[in-house]
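By convention in this document, chain letters (A, B, ...) are assigned in the order of the sequence lines, proteins followed by strands, and residues within each chain are numbered from 1.
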Amino acid sequence: MNKYLLKLYIAGRSPRSERAIANLQRICDEQLGDQYEMMIIDVLERPELAENEKILATPTLIKQLPPPLRRIIGDLSDIEKVLIGLDLLP
Amino acid sequence: MNLESKYPQLEKLETGITGFDLVSNGGLPKGRTTLVAGTAGSAKTVFAAQFLAEGIIKANEGGVFITFEESANDIRNNVLSMGWDITSWEAQGKWIFVDASPVPGEEAVVIGSYDLGALLARIERAIQKVNATRVSMDSLGAIFTQFADSATVRSELFRIASALKKMGVTAVMTAERTQEYGDIARYGVEEFVADNVVILRNVLEEEKRRRTLEILKFRGTSHKKGEFPFTIIPGEGIIIIPLSAIELKQKSSDIRITSGSPELDRMCGGGFFRDSIILVSGATGTGKTLMSTEFIAGGANNNERCLLFAFEESREQLFRNAIGWGIDFDRMEKEEKLKLVCEYPETASLEDHLIHMKMYIDEFKPNRVSVDSLSALERVSSFKGFREFVIGLTSFIKHKEVVGLFTSTTPTLLGGSSVTEAHISTITDSIILLRYVEMYGEMRRGLTVLKMRGSMHDKDIREFAIDGTGMHLGKPLRNVTGILSGNPQHITTGEIDRLNNLFKGE
């Protein structure tokens, strides 16, 4: 299995950010075992990273690896859709 | 003068956009956001970019450009023709882009709720980085197409607008309209940036495009009302022509100058006034170009600088005509007393012609300006546009304290008046009519000074002849009536005596 590199951009520790982090954590634990690396980036602290990645909305999840690159916007509340978006479900 | 000036006014930020600060009574409301709405192709992006560019050029103020539609690189290239070198401003830390344009081929899936916190964070970072006082967002419609949930986008844009206000920057947000006269903007964006609204229009009128700018509202402060025509000039950007904002405060001089013809000077009570506008009206071939040529020659002989705008004849034709009347344009040009500008009216819109003419006048600094003929310009414009042009040109010339002679062609051979006269007759100080007179199977020419503001003048209708040395005024046409109405009637000498004796007793 390919290693997953996931970046989650959030704007501060809002309830919506916490929800997104929790949902992503659950998906990783259940689906990816230890085959993943997850980065949480707070755009309020690191706006230049949001600039480089051209992020507008928060939360935004970027699947950097394996290709293809995927962008998912929102608090990831629908697990099944997230799995499809990450190519974990056909 | 200004009724509102007694009361405290909101502070304004001078934009530096030519004419805008005049129509907005000093610029955009400072520290606030102004919505600039317009249809496709109405120059919204140019306005947004110029707002920042003028800030850098004229006030050394940093600017942030947030683009939702075109990529930053496209904008850099597109405004280069306006003379704005964004790349070097970026290097100097004066201009910064926040590129929020969609990334091609990278479509995002939306799962659950979101906000635009990242965008706001990027904007705040950019503002701090260049210490910005000006922010432009172009254009809001594009962000609504990037995100399907327009309720979220609307509330997030409201959050951004209030954050901008808190940071004290003056912002311009552009938005699309679907109709020239209808809703302010699509997606109801005016609901959250409703304090100030400027509308840009690009109306198709009689097959001609006409750009106008209107300030719809400035909350809590004053502005000029109505639509103002504007044009976009390479190297300059938007230039607004603030017609109704022109003040009637030109000086008036009682110094007389020659019309180029001593006989006509006598008829005008000693010549034209130095800062007056003279309209010469007549049918084709009555001698309008001759009058304008003599007017130029009269000036050049007195060591004045003369500028001639010709819209009907080419340089060569004008030179040949002048030689035929004993006037050497070539020598005058070599002595730098004359500048000849020949253009077809169709080469540009009337707004552009006006700007060009103003530039020539500013550059050459003439004492006399002649336009031959003003009515040729009627062809390239709508009725309203022409009237604005004439007012704009005459007021500009008067402000420069230059004497202007305009010719106007009447559509009919005998009598008649033209649209030009209807627009301009009240603005001009003098009107000279040239008319054909049919006498015993022969076409003769008559001239009369209809109006001479501030002076006595000869009220006769005089016959004149044209020969190799120019125009020669003859005797008054005493035995003809109805020349001006285009219906000449001969009267016998007995009748003249009878008319002369009619009011003797009073």
Leading residue by heavy atom contact count with chain A [cutoff under 4.5 Å; candidates B:Gly112, B:Ala108, B:Ser113, B:Ala126]: B:Ser113

Engaged part of A:Arg19 at the chain B interface, taking heavy atoms whose separation is under 4.5 Å: side chain

Top contributor to chain B interface from A:Pro59, A:Ala50, A:Ser77 [non-hydrogen pairs under 4.5 Å]: A:Ala50

Measuring from atom OH of B:Tyr114 to atom CG of A:Asp75, what distance do you get when rounded to the nearest 0.5 angstrom? 11.5 Å

State the CG-CD1 distance between B:Asp115 and A:Ile73, to the nearest 0.5 angstrom. 11.0 Å

Looking at B:Asp183, I'd like to know if its CG atom is crowded, meaning that more than 12 non-hydrogen atoms belonging to other residues, nucleotides or ligands lie closer than 6.0 Å. no

Which distance, rounded to the nearest 0.5 Å, do you find between the CG of B:Leu120 and the CG of A:Leu44? 8.0 Å

One option among A:Ala11, A:Ser14, A:Ala20, A:Ala57 has the most heavy-atom pairs under 4.5 Å with chain B, and it is A:Ala57

Could you check B:Val98 against A:Glu51 for side chain to side chain contact (heavy atoms under 4.5 Å, CB included), going step by step and ending with a plain yes or no? CA-CA 7 Å; B:Val98 173; A:Glu51 187 64 51; 4.1 Å; yes

Atom NZ of A:Lys7 with >12 non-hydrogen neighbours under 6.0 angstrom: yes

With rounding to the nearest 0.5 angstrom, report the CD1 to CG distance, B:Ile111 to A:Asp78. 6.5 Å

Measure A:Ile55 against the heavy atoms of chain B and call it side chain, backbone, both or neither at under 4.5 Å. both

Measure the spacing between NZ of A:Lys54 and CZ of B:Arg122 and express it to the nearest 0.5 Å. 7.5 Å

Looking at A:Thr58 and B:Leu116, would you say the former's side chain and the latter's main chain have a donor-acceptor pair under 3.5 Å? no

Rounded to the nearest 0.5 Å, how far does OG of B:Ser101 lie from CG of A:Leu56? 9.0 Å

Less than 4.5 Å to any heavy atom of chain A: does that hold for the side chain of B:Glu156, its backbone, both, or neither? neither

Portion of B:Phe68 that has a non-hydrogen atom of chain A nearer than 4.5 angstrom: neither

